[in-house]
Amino acid sequence: MSRTRTALLAAMALVAGATGTAFAVDPGGPGTAAVPCTVDYKIQNQWSTGFTAAVTLTNNSAAKSSWSLKWSYAGNQKVASGWNAKISQSGADVTAANESYNAQLATGASVSFGFQGSYSGSNAIPATFTLDGVTCNVDDGGSGGPTDPPDPGGPANRVNNPYEGAKVYVNPQWSAKAAAEPGGSRIANQPTGVWLDRIAAINGANGSMGLRAHLDEALRQKGSGELVVQLVIYNLPGRDCAALASNGELKPDEIGRYKTEYIDPIKAILADSKYASLRIVTTIEIDSLPNLVTNTGSRPTATPQCDVMKANGNYQKGVGYALNKLGDVPNVYNYVDAGHHGWIGWDDNFAPSAALFKEAATTEGATVNDVHGFITNTANYSALKENNFSVNDNVAGKSVRESKWVDWNRYVDELSFAQAFRNQLVSVGFPSGIGMLIDTSRNGWGGTARPSGPGAQTSVDTYVDGGRYDRRIHIGNWCNQSGAGLGERPQANPAAGIDAYVWMKPPGESDGASKEIANDEGKGFDRMCDPTYTGNPRNGNNPSGALPDAPLSGHWFSAQFRQLMQNAYPPLS
């Protein structure tokens, strides 16, 4: 915790130095005392019933070990939630007090915080602010309304590949956990995705940094070069209708809450001009759209919840709304989740999935130009490249596609699938310049179990099973897989059509609990995370292959992290 707070304090100090309001001079003329404090209050984004605001407080008087800023609203504004300050309200009166990590406020120093609120009618900037009872000067910078920066040219203004020539953000909280594990310092400096998996994650919950804190820290890491920040947008209503471990907080029909309480506040923060120099990559709603193809209707893999989501259309509406709103921010690069080869690589899934993605990308005001690319294998384990066999091989008179492992799939690894699926997406109307990302955080499959060559050619199954790197019991197994290892390190332009290999899923964060654990995060118990489970139609009724003693999804799983390092491929030095 101390490391996190130190990082956050450093980030806030940078913001103060870069964007803090200049000292206000008393109008009595040169040589008179400065006003004790200055407040810069900006409405960043405003819609029919709500708004977000950013406040920068500058202390022009003696250094303070704590601070409390107060103001009153003339209208009916109500503060709903805030970040980087403890904010309370009584009637029209609002108080913003320091957090423990930003209590120190030196002479001339600034501190920034923000909040989301509601209103009806007018939403005027407060006329008076007091710092510890002393009236401050108000500098609104001429901003009496929303400050969404205009898009100076839309998608054409973006670079072709945001990862090219750029560093990628290292989450200090994940880095600290990784470094605390034996040998973890070898990878603690690797960039990983920041998961916004519920509304509370936007402002930070249970000691986690909120979105603004991450972006402020990203500005500090950026320096004078380019930097990519990776965000996972993951909170659809009825989320992940086929996997209870990753169910979310929103009910299947709560598309309104998804829009106004989740996407709108995220968009407002990303649109802050303070963050315009960052390249923000969003991974849009993993494990959602493919479920509507594979787990609905009369298929044996269907689930009642997926049928509900297909009928109400809220997956398409939610993805479209996210693409539309986030795509309006000129430095945001939207990548839509595209499952993985072991999910939609079959003929009856491949083309229908691309068509469904096109449908989602052209609803709720979105267009295909709001999509910069797609990402495969997010939080999954599919091998990047199987070198010991290919889909075109024949053994003992049979095609590799007839093996139990491949099971008539057209693809045997993620690289071949991602490149082919990119072509399919372009064929249905997505821009020809789209790029693919592949999550390689847990698909290395190294260690002593990694085969050095093909299996015996006595049958197609011995040939494939003896040579495949992916050692899962079944390709449908997805939860905390035993034997997995870290994959290729994050890198830009690794192959044709691939923008980057990324670690979107932070290694060491659980996929789900191996037994039921009560929680307030909307996460259920999925038997696919239970090592004693013997399976269902979605994994061919095979054992789950899951590690024991796993915590809730997203929580730190030390045993998994150590296994991933041990089995890394390429190996860790």
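None of these values were measured; they are calculated from a predicted model.
Only one option out of Ile286, Val232, Asn377 pairs with Met504 in a side chain to side chain contact (heavy atoms under 4.5 Å, CB included); it is Val232. Of the residues Lys505, His340, Arg442, Glu414, the one that meets the side-chain hydrogen bond (donor to acceptor under 3.5 Å, both in side chains) test with Tyr381 is Arg442. Screening His214, Gln230, Lys222, Gln221 for a side-chain hydrogen bond (donor to acceptor under 3.5 Å, both in side chains) involving Tyr169 leaves a single residue, His214.
A donor-acceptor pair is defined here as one N or O able to donate and one able to accept, closer than 3.5 Å; no such pair exists between the side chain of Gln116 and the backbone of Phe51. The main-chain N or O of Ala379 is found under 3.5 Å from a side-chain atom of Asp439 such that the two form a donor-acceptor pair. Looking at Tyr315, its side chain does come within 3.5 Å of a backbone N or O of Gly238 through a donor-acceptor pair. At least one donor-acceptor pair under 3.5 Å links the side chain of Arg158 to the backbone N or O of Val332. Remark: side-chain polar atoms of His555 are not paired, donor with acceptor, to backbone N or O of Asp511 under 3.5 angstrom. A donor-acceptor contact shorter than 3.5 Å is absent between the side chain of Asp370 and the backbone of Leu326. Under the 3.5 Å distance criterion, the side-chain polar atoms of Asn331 are left unmatched by any main-chain donor or acceptor of Ile280. The closest donor-acceptor contact from the side chain of Gln481 to the backbone of Cys479 lies under 3.5 Å. In this structure, the side chain of Asn539 does not engage the main chain of His474 through any donor-acceptor pair within 3.5 Å. In this structure, Thr440 contributes its side chain and Glu488 its backbone to a donor-acceptor pair below 3.5 Å.
In this structure, a donor-acceptor pair under 3.5 Å is present between the side chains of Asn334 and Thr282. If you check the side chains of Asp216 and Tyr275, you find a donor sitting under 3.5 Å from an acceptor.
For the atom pair CZ of Phe421 and OG1 of Thr376, the computed distance is 10.0 Å after rounding to the nearest 0.5 Å. Between atom OG of residue Ser273 and atom NZ of residue Lys42 there is a gap of 7.5 Å, rounded to the nearest 0.5 Å. To the nearest 0.5 Å, atom CD of residue Glu164 and atom CG of residue Asn493 are 4.5 Å apart. In this structure, the separation between CG on Asn235 and CG on Leu250 is 4.5 Å, given to the nearest 0.5 Å. Taken to the nearest 0.5 Å, the CG atom of Asp240 stands 11.0 Å off from the CE atom of Met309. The distance from atom CD1 of Ile434 to atom CG of Asn369, rounded to the nearest 0.5 Å, is 11.5 Å.
Here the closest heavy-atom approach between residue Gly342 and residue Ile475 is recorded as CA-CD1, 3.8 Å. Between Arg198 and Ala205, the shortest heavy-atom distance links the atoms NH2-CB, 4.0 Å. Considering every non-hydrogen atom in both Lys317 and Asn312, the closest pair reads NZ-O, 3.5 Å. Closest non-hydrogen pair, Leu236 versus Gly318, comes out as CD2-CA, 3.7 Å. Of all heavy-atom pairs between Asn203 and Ser81, the closest is ND2-OG, 2.8 Å. The two atoms that bring Asp287 and Asn291 nearest to each other are O-ND2, 2.7 Å, heavy atoms only.
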(message) Walk me through whether Tyr335 and Asp499 qualify under side-chain hydrogen bond (donor to acceptor under 3.5 Å, both in side chains).
(response) CA-CA 11 Å; Tyr335 288 80; Asp499 282 352; 2.7 Å; yes

(message) For a side chain to side chain contact (heavy atoms under 4.5 Å, CB included) check, start with the C-alpha distance between Val159 and Tyr333, then their side-chain angles and the critical distance, and finish with the verdict.
(response) CA-CA 9 Å; Val159 298; Tyr333 298 78; 3.2 Å; yes

(message) Before you tell me yes or no, could you show the steps for Tyr163 and Val281 under side chain to side chain contact (heavy atoms under 4.5 Å, CB included), namely the whole-Å CA-CA distance, both residues' side-chain angles and the distance that decides it to 0.1 Å?
(response) CA-CA 9 Å; Tyr163 290 86; Val281 165; 3.6 Å; yes

(request) Apply the test side chain to side chain contact (heavy atoms under 4.5 Å, CB included) to residues Glu509 and Thr192: give CA-CA distance (whole Å), side-chain angles for both, the deciding distance (0.1 Å), then the verdict. (result) CA-CA 11 Å; Glu509 291 190 1; Thr192 55; over 6 Å; no

(request) Starting from the C-alpha separation in whole Å, work towards a yes-or-no answer on side-chain hydrogen bond (donor to acceptor under 3.5 Å, both in side chains) for Glu285 and Tyr258. (result) CA-CA 12 Å; Glu285 295 296 354; Tyr258 176 79; 2.9 Å; yes

(request) Evaluate the criterion side chain to side chain contact (heavy atoms under 4.5 Å, CB included) for residue pair Leu415 and Tyr501; output intermediate values, then yes/no. (result) CA-CA 10 Å; Leu415 182 57; Tyr501 296 153; 4.1 Å; yes

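Residues Asp264 and Lys325 are not paired through a salt bridge, judged by the lack of any N-O separation under 4.0 Å between the basic side chain and the carboxylate.
Both tests hold for Arg239 against Tyr234: distance to the six-membered ring centre under 6.0 Å, angle to the ring axis within 45°.
Side-chain contact check for Asp413 versus Tyr469: every heavy-atom pair is 4.5 Å or farther apart. Residues Leu211 and Leu231 meet the side-chain proximity criterion, which asks for heavy atoms closer than 4.5 Å. The side-chain heavy atoms of Leu196 and Tyr262, taken from C-beta on, include a pair separated by under 4.5 Å. Looking at heavy atoms from C-beta onward, Ser382 lies in side-chain contact with Arg472 at the 4.5 angstrom threshold. Counting only heavy atoms from C-beta outward, the side chains of Gln305 and Pro252 approach each other to under 4.5 Å. Residues Leu215 and Ile269 have side chains in contact (heavy-atom distance under 4.5 Å, counting atoms from C-beta outward). Taking the side chain as every heavy atom from C-beta outward, Val426 and Ser432 approach each other to under 4.5 Å. Using a 4.5 Å heavy-atom threshold, the side chains of Pro570 and Arg489 count as touching.
Ring to ring, Phe374 and Phe430 are close: their centroids are under 6.0 angstrom apart. Annotation: Tyr411 is in aromatic contact with Phe350 [ring centroid separation under 6.0 Å].
Counting non-hydrogen atoms of other residues, nucleotides and ligands closer than 6.0 Å to NZ of Lys251 gives a total of 12 or fewer.
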